[in-house]
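No hydrogens, no waters, no symmetry mates; every other heavy atom, side chains included, goes into these values. Everything quoted here is computed from the prediction, not taken from an experiment.
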Amino acid sequence: MTAPSASPAAPRWPAYQTVVLLCFAAVFISYIDRSNLSVAAIPMQQELGWTESVKGLVLSSFFVGYLLLQVASGSLTNRYGGRRVLGLAVIWWSLFTLLTPLAARISLPALLAARIALGIGEAAVFPGSMNMLGRWVPPERRSRAVALIGSGLAIGTVFSLPVTGWIIRDYGWPAAFFAFGAVGFVWAAAWFGLVREGRDPALADDRDQGPRTIPWGRILRAPAVWAIIVNHLCHNWSLYVLLAWLPSYFKSTFDVSLANAGLLSAAPWLASFLMANVGGAWADGMLKRGVATTLVRKRLQCTGLLGGALFLSLMPLAPSAGVAAALMCGAAAALAFCMAGFGANSFDIAPRYADVIWGISNTAGTIPGIVGVYVTGWLVERTGGYAAPFLVTAAISVGGAVVYLFMGSGERQID
């Protein structure tokens with residue numbers, strides 16, 4: 001008798017894990033490339049004779065390209081696929097990272113153009129990643145995948161600020177742009193070498209055949225899409241306020257040194273990185289146990305926004321820098337759960353158009369990078385402290401949670 005043939009064993013390293021890790025790396029690279037200027041601007045201002053207004057203009061110019069190209073990036077990714085669009089986008093923005101020192105020494109308009117071009121390239125990082133998750137990651141693992149990719153922004157921020165400072169100290173400010181820009185080209189070689197065209201055949205269905213026409217009307221009329229859009233804005237309001245103002249808060253409120261302010265500001269991002277991945281595992285675990293998708297998304301999203309609001313509302317009562325840092329860690333950790341809330345929700349309601357929905361929602365999510373950061377500064381100047389901005393930010397989070405409770409859904413809306 002012949003022995004029965006064994007069924008083929010599952011691969012020890014599934015292809016989707018390579019895709020997820022490289023998408024995580026792309027988000028990490030995007031954040032080190034966008035945030036290194038925050039440190040480099042200090043010696044650049046001294047060398048190039050910038051006023052504070054010019055410095056602010058340079059720092060904000062990135063968001064012009066980033067904001068304007070979100071929807072276009074989602075549309076291009078949906079049409080041509082994430083492998084091509086994301087790969088070319090990383091090459092594009094890495095090139096302009098490398099060109100930043102040259103542009104700065106040519107003229108201010110050249111530098112602004114380089115930063116806007118950087119933003120144009122980085123606009124594709126999340127739509128491209130979402131497209132690739134839809135093509136390669138099994139549905140039961142997508143919450144974890146989205147959370148891991150989203151956590152790349154936290155760990156990229158933690159890495160960029162001190163490492164940029166060390167590079168500038170030892171080699172000068174241009175070296176930071178050269179070093180970080182080169183990383184993107186290494187990533188692109190790995191991306192095009194390891195990631196295949198198309199999708200995992202096990203995830204394909206008949207709807208994937210033939211050209212797509214994006215149903216803009218159905219997308220924009222769906223209340224569940226607007227729940228994602230509003231919550232992306234509310235989540236990012238807190239995100240950008242923390243990113244831009246934490247060091248200043250610790251320095252001015254508790255008179256800590258700049259070095260200690262940097263260390264205290266890094267702790268919330270480490271908490272965010274950890275809890276984003278915990279939240280992703282929690283969401284997928286509930287879905288595996290049969291909990292309704294709508295309930296899972298609302299539970300994660302409301303835990304994130306309401307938990308973040310609670311910690312932020314307690315900030316004005318913090319008696320010391322240590323207590324304030326602990327509260328900030330709590331706020332950032334809670335907000336990280338949103339990656340498995342609204343962040344993964346587009347795969348539930350419109351899996352074929354998750355990249356397009358992300359492009360739309362991140363357009364709204366970029367507005368706080370401009371408006372929220374400015375409003376926070378205005379409130380600090382008017383009130384002489386940070387209590388008002390923290391309370392405003394908490395109120396916006398509560399508003400987002402209410403919208404999601406009434407309008408959010410985990411049921412498919414668009415085929």
Discussion item. Ignoring hydrogens and geometry beyond distance, is a side-chain donor-acceptor pair present between Asp348 and Thr293 at under 3.5 Å?
Written reply: no

Worksheet item: Checking side-chain hydrogen bond (donor to acceptor under 3.5 Å, both in side chains) against Tyr66, which of Asn362, Thr366, Thr363 comes through?
Response: Asn362

Discussion item. Using side-chain heavy atoms (C-beta onward) and a distance below 4.5 Å, is Met339 in contact with His235?
Written reply: yes

Discussion item. The criterion is side-chain hydrogen bond (donor to acceptor under 3.5 Å, both in side chains); which residues satisfy it with Glu197, sequence neighbours excluded?
Written reply: Arg83

Fill in: Trp92-Phe96 aromatic ring centre distance below 6.0 Å
yes

Worksheet entry | Shortest non-hydrogen contact from Trp173 toward Ala104 | CH2-CB, 4.0 Å

Discussion item. Between Gln413 and Glu411 (side chain of the first, backbone of the second, donor and acceptor by atom type, cut-off under 3.5 Å), is there such a pair?
Written reply: yes

Worksheet item: With ring centroids as reference points, do Phe159 and Tyr31 lie under 6.0 angstrom apart?
Response: no

Discussion item. Would you say the rings of Phe63 and Tyr240 are close, in the sense that their centroids are separated by under 6.0 Å?
Written reply: yes

Worksheet item: Which class fits the ring pair Trp282 and Phe337: parallel under 30°, tilted 30 to 60°, perpendicular over 60°?
Response: perpendicular

Practice prompt. Give a yes or no answer on whether the side chain of Ser313 reaches the backbone of Leu310 with a donor-acceptor pair at less than 3.5 Å.
Written response: yes

Fill in: Cationic tip of Arg34 above Phe62 ring, under 6.0 Å, 45° of axis
no

Worksheet item: Of all heavy-atom pairs between Ser409 and Thr294, which one has the smallest distance, and what is that distance?
Response: C-OG1, 3.7 Å

